[in-house]
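Hydrogens, waters and symmetry mates are skipped; everything else that's a heavy atom, side chains included, is used.
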Amino acid sequence: MMIGSIAFKPTNTDPDLLAGIFAHADPQVVAALSGHAKALMRYLAQIHDLTIAETTETVEAFFGIHAPQTPQAEVA
């Protein structure tokens, strides 16, 4: 499963659970962005002062999914 599949597999990436991993995340914003993986990763990265790659790694590790490679230069 890829991170882009969040919208299609809501039971695997419950917005409340995802917001629980990222303490500053608003569950309503996470739910609203769940169909837009790149926007969701940018949001989570920005509010936690992380890079997109760090955010993606955290989501992958927690949910056991693998996202497409994000260029290292791409930051929040």
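Taking Ile47 as the reference, His24, Ala25, Tyr43 meet the side-chain contact (heavy atoms from CB on, under 4.5 Å) condition, with sequence neighbours excluded. With sequence neighbours left out, the side-chain contact (heavy atoms from CB on, under 4.5 Å) criterion links Ala32 to no other residue.
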Could you walk me through whether Val30 and Phe22 pass the side-chain contact (heavy atoms from CB on, under 4.5 Å) check? CA-CA 10 Å; Val30 172; Phe22 294 94; over 6 Å; no

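Residue His36 holds its NE2 atom at 13.0 Å from CE of Met41, rounded to the nearest 0.5 Å.
Of all heavy-atom pairs between Ile21 and Thr58, the closest is CG2-CG2, 3.9 Å.
The side-chain contact (heavy atoms from CB on, under 4.5 Å) test with Leu50 singles out one residue from Thr56, Leu44, Thr55, and that residue is Thr55.
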